[in-house]
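Accompanying notes for the structure given below.
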Amino acid sequence: MINIKTGEIIIENLSYILNNNTQRKKFEDSFPKEFLRYINDMGNGYIWFDIWGSIAGKYNIILLRLCFNPKITFI
């Protein structure tokens, strides 16, 4: 799931890659909405997205929290 050489997060079941250059707008436009469980706009430029589901392997349910401003800032 995490490429230790590049730091990229590979969401296997969705063929989606997150890295430090991922922009919020691109993420919102391209990430499957059925995996977004919660969006929290902090009102200060930071927006948190909770991703929940079987995103790595068949039976692994994982929660990822991503913070953008405007690129990924925290995971």
Point-to-point distance, once rounded to the nearest 0.5 Å, from OH of Y16 to CZ of F27: 6.0 Å
Rounded to the nearest 0.5 Å, what's the gap from SG on C67 to CZ on F49? Could you check? 9.5 Å
Step by step, work out the side-chain contact (heavy atoms from CB on, under 4.5 Å) result for L63 and Y38. CA-CA 11 Å; L63 170 67; Y38 184 71; over 6 Å; no
Show me the side-chain donor-acceptor pairs of residues 1-10 shorter than 3.5 Å, one per line, residues at least two apart or across chains.
{"from": "N3", "atom 1": "OD1", "to": "K5", "atom 2": "N", "distance (Å)": "2.9"}
{"from": "N3", "atom 1": "OD1", "to": "T6", "atom 2": "N", "distance (Å)": "3.2"}
{"from": "T6", "atom 1": "OG1", "to": "E8", "atom 2": "N", "distance (Å)": "3.2"}
{"from": "E8", "atom 1": "OE2", "to": "N19", "atom 2": "ND2", "distance (Å)": "3.4"}

Checking side chain to side chain contact (heavy atoms under 4.5 Å, CB included) between F31 and each of L18, I51, L66, which is the one that passes? I51
Over all atoms of both residues, closest heavy-atom pair of R65 and D50: NE-OD1, 2.7 Å
What closest approach, in Å, do W52 and R37 show between heavy atoms, and which atom pair accounts for it? CB-CG, 3.1 Å
State, with a plain yes or no, whether a side-chain heavy atom of L14 is found less than 4.5 Å away from one of F35. yes
Do K71 and T22 touch side chain to side chain, with heavy atoms closer than 4.5 Å? no
Donor-acceptor contacts, no H, no angles, side chain residues 39-48, under 3.5 Å, sequence neighbours left out:
{"from": "D41", "atom 1": "OD1", "to": "G43", "atom 2": "N", "distance (Å)": "2.9"}
{"from": "N44", "atom 1": "OD1", "to": "Y46", "atom 2": "N", "distance (Å)": "3.2"}

Any donor-acceptor pair under 3.5 Å linking the side chain of S30 with the backbone of E28? no
Can you name the residues that form a salt bridge (charged side-chain N to carboxylate O under 4.0 Å, His left out) with K33, not counting sequence neighbours? none
